[in-house]
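The block underneath contains the structure these notes are about, expressed in structure tokens.
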Amino acid sequence: MHWKEYQIVAILKKERRMTFWLALALVLQSGLSMIQPWPLQVIFDSVILDKPLPSLLEVLPAPPATFIANNLLAAMVAALVGVAFMNGAALYIQNITYTRLAQNTIQRLRLKLFAHVLRLPIRHSRDMGAGEVIERITTDTEDSEKLIEGVSTLAFRSIPTFVGIIGIMFWVEWVLAAVTLFLAPVLVWATYFFGARVKQATRNRRRHEAAVASEAEAARKGHKWLKILGLEPREIERMEEKTDRSRNAGVAAGVWQGAYTAITNVVLAFGTAVVVLLGVWRIKAGALSPGELLVFMSYLRSLYKPIREVTKYYMKITKAVACLERIEEVMRITPCDLDVCEQPEAETMPPFSRDIVFDRAGFEYEPGTTVLEGVSFTVEKGQKVAIVGDSGSGKSTLMGLLPRFFDATNGQILIDGLDIRSFTLASLRRQIGIVTQELVLFHATVRENIALGRPEETAIDAEVQRAAALANAHDFIMDLPEGYDTALASGSLGLSGGQAKRILIARAFLRDAPIVLLDEPSAGLDPASEALVMEAFDRLMANKTVLMTSHRLPVIANSDLILVLREGRIIESGTHEELLEQAGVYRTFWHQQVRTSADDEAASQP
């Protein structure tokens with residue numbers, strides 16, 4: 001991938017003004033660093049050793065040249081102070097502009113990546129893992145600022161300073177300058193050799209850090225079960241294994257970078273020693289003055305700064321590029337790559353009016369891994385269809401095909417006779433309300449969480465409260481510390497499962513979509529909450545077209561059609577009564593649940 005195609009390049013093009021001021025400040029620092037040694041040479045040669053004044057003063061007009069000659073020491077000290085002051089001002093401008101440019105870039109890159117991830121199908125997050133996604137949105141985007149710092153410093157200060165100082169050194173004393181240049185090939189080799197290894201080690205570390213984040217998130221979600229099953233020691237061992245890998249990758253990167261820095265310092269020290277020996281020899285031969293050697297050594301020290309900056313920032317750039325490549329890996333993924341693609345000719349879906357048809361629909365997460373196969377059934381408008389089956393039979397995947405969380409890899413799904421892939425995703429999903437098994441509430445107030453059911457327009461308070469009342473949620477919401485203005489934490493922390501579920505139902509009421517998908521509506525509810533929740537669900541399903549999954553068969557017994565899935569195929573279908581008469585899998589499920597309920601009731605009797 002060419003560097004011009006990186007997202008960060010497009011973002012920086014929009015920050016041209018800030019980039020200009022940053023470049024100007026760095027170039028000014030470069031020029032000042034080349035002027036700084038000359039007042040010292042004048043002080044040493046013309047003030048201390050009483051040698052003739054430098055020829056540069058001859059080009060100045062007579063009055064200022066005479067004034068400087070009569071006040072040489074004061075003029076040179078003032079020059080040193082003036083250069084230092086201007087250098088400080090340039091450094092201040094650099095720091096301010098760099099900070100703003102870097103933070104603006106990080107924010108835009110992070111938002112761009114975040115928006116792109118949200119637009120991708122659900123399959124992407126499932127395949128990549130939560131830790132990996134979070135690592136790229138947070139840490140990788142944060143580290144991109146090292147590229148801005150490194151490239152700007154090298155391009156506008158380090159390289160111009162290096163080239164300018166080399167030119168001046170050849171002008172002052174070409175023999176010593178030629179000796180200095182012999183160090184360049186060694187430094188170039190070290191930069192490329194160690195840089196490639198630091199880049200690879202950085203990529204490895206990022207990958208292992210993402211694994212650590214995923215492990216921590218999984219442990220957080222399953223903390224209760226870890227305690228119940230006594231799995232804390234096992235989980236700690238798993239985390240130790242992953243952190244060991246991350247640590248080892250970090251150590252490898254540090255070792256390579258440390259070796260690079262050490263070799264660079266040794267080479268530069270050796271070059272300094274050689275220059276000092278040759279410089280003294282040239283002074284004794286009368287080819288060089290002590291002041292000129294002082295200026296040369298000052299430039300040599302100044303030359304080491306851009307060389308060290310090259311070594312330092314090259315490593316930072318290498319690490320930043322590794323992070324940017326990880327970002328670009330995600331940005332290059334399109335919905336079409338994940339088989340959920342909105343066609344250019346897609347049209348707005350008209351209001352749902354007749355039926356939903358699954359016509360030999362099939363799905364594979366990966367080629368050869370069949371999840372659904374040959375699924376065919378029809379849902380008439382206003383009907384309630386239930387899907388039952390063992391865990392892993394494909395129930396949730398089948399539900400996910402309708403809103404196009406996944407696209408069928410075989411067959412087709414029709415709404416009112418039209419393939420759902422002919423509709424825009426937004427218009428299709430606008431006519432579908434979903435209540436998931438997961439209790440997904442956002443960092444927002446109760447009112448805002450309910451209002452998310454209709455994000456395309458602002459819901460008034462009366463509408464929100466009506467939806468809450470229909471969901472049997474209004475009373476407990478009013479008992480919260482701030483009522484509808486009570487802030488909720490992500491994951492519905494602070495509410496019971498039944499309360500969180502009813503807020504989700506209120507969100508679905510407000511959406512008022514003609515098609516409703518319910519995934520395990522009674523899951524995780526205690527008996528007291530279940531009655532309120534199921535009453536709310538009954539209201540929600542009235543006059544709607546409903547697809548629902550449930551392990552609890554009494555919940556779906558009054559459905560117009562019940563589908564029994566096994567290994568991705570429909571093996572039975574019919575009403576509750578029809579399926580009981582077939583003496584098949586559904587009847588077995590039913591009698592097992594009835595027997596279990598009877599046993600539980602008998603066990604509870606005193």
Taking [X] for the side chain and [Y] for the main chain, is one N or O donor matched with an acceptor at less than 3.5 Å?
{"X": "N248", "Y": "D244", "answer": "yes"}
{"X": "H116", "Y": "V330", "answer": "yes"}
{"X": "R16", "Y": "K13", "answer": "yes"}
{"X": "Q431", "Y": "A513", "answer": "no"}
{"X": "R507", "Y": "N449", "answer": "yes"}
{"X": "R110", "Y": "I137", "answer": "yes"}
{"X": "R100", "Y": "M18", "answer": "no"}

F405 CZ: over 12 foreign heavy atoms closer than 6.0 Å: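 For F405, atom CZ is crowded (more than 12 foreign heavy atoms under 6.0 Å).
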Atom CD of E347 with >12 non-hydrogen neighbours under 6.0 angstrom: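 No, not enclosed.
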Do [X] and [Y] come close enough that some side-chain heavy atom pair is under 4.5 Å?
{"X": "S144", "Y": "I106", "answer": "yes"}
{"X": "R245", "Y": "E241", "answer": "yes"}
{"X": "L101", "Y": "L12", "answer": "yes"}
{"X": "L488", "Y": "I503", "answer": "yes"}
{"X": "R157", "Y": "Q94", "answer": "yes"}
{"X": "L324", "Y": "I8", "answer": "yes"}
{"X": "T334", "Y": "C341", "answer": "no"}
{"X": "E463", "Y": "R454", "answer": "yes"}

What's the separation between atom [atom1] in [X] and atom [atom2] in [Y], rounded to the nearest 0.5 Å?
{"X": "T139", "Y": "I134", "atom1": "OG1", "atom2": "CD1", "result": "10.0 Å"}
{"X": "R247", "Y": "E240", "atom1": "CZ", "atom2": "CD", "result": "8.5 Å"}
{"X": "T97", "Y": "F20", "atom1": "OG1", "atom2": "CZ", "result": "11.0 Å"}
{"X": "S30", "Y": "F162", "atom1": "OG", "atom2": "CZ", "result": "12.0 Å"}
{"X": "R326", "Y": "T141", "atom1": "CZ", "atom2": "OG1", "result": "11.0 Å"}
{"X": "E145", "Y": "C323", "atom1": "CD", "atom2": "SG", "result": "11.0 Å"}

Would you name the heavy atoms of [X] and [Y] that are closest together and state the gap between them?
{"X": "T161", "Y": "P306", "value": "CG2-CG, 4.1 Å"}
{"X": "A467", "Y": "I450", "value": "CB-CG2, 4.5 Å"}
{"X": "P160", "Y": "L154", "value": "CD-O, 3.8 Å"}
{"X": "L109", "Y": "Q7", "value": "CD1-CB, 3.9 Å"}
{"X": "L147", "Y": "A320", "value": "N-CB, 3.5 Å"}
{"X": "M86", "Y": "L32", "value": "C-CD1, 3.6 Å"}

From CA spacing to verdict: side chain to side chain contact (heavy atoms under 4.5 Å, CB included), Q343, S422: CA-CA 7 Å; Q343 302 300 325; S422 66; over 6 Å; no
Side-chain ion pair, R421 and D407, N-O less than 4.0 Å: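 Salt bridge flag = no for D407 with R421.
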Stepwise side chain to side chain contact (heavy atoms under 4.5 Å, CB included) test for L480 and V446: CA-CA 10 Å; L480 294 175; V446 173; 3.8 Å; yes
No-hydrogen, no-angle side-chain donor-acceptor test under 3.5 Å, Y484 and E448: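 Judged by distance alone, the side chains do not pair up.
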Side chains of S427 and T424, donor plus acceptor under 3.5 Å: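 Yes, because at least one side-chain N or O of S427 sits under 3.5 Å from a partner of the opposite role on T424.
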Verdict with supporting geometry, R404 and E342, salt bridge (charged side-chain N to carboxylate O under 4.0 Å, His left out): CA-CA 10 Å; R404 295 189 66 194; E342 184 172 282; over 6 Å; no
Stepwise side chain to side chain contact (heavy atoms under 4.5 Å, CB included) test for I168 and I166: CA-CA 6 Å; I168 294 173; I166 287 293; over 6 Å; no
Residue of the set E329, E328, E142 for which salt bridge (charged side-chain N to carboxylate O under 4.0 Å, His left out) holds with R136: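 Of the listed options, the one satisfying the test is E329.
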Check against side chain to side chain contact (heavy atoms under 4.5 Å, CB included), Y6 and E325: CA-CA 9 Å; Y6 278 31; E325 286 176 351; 3.5 Å; yes
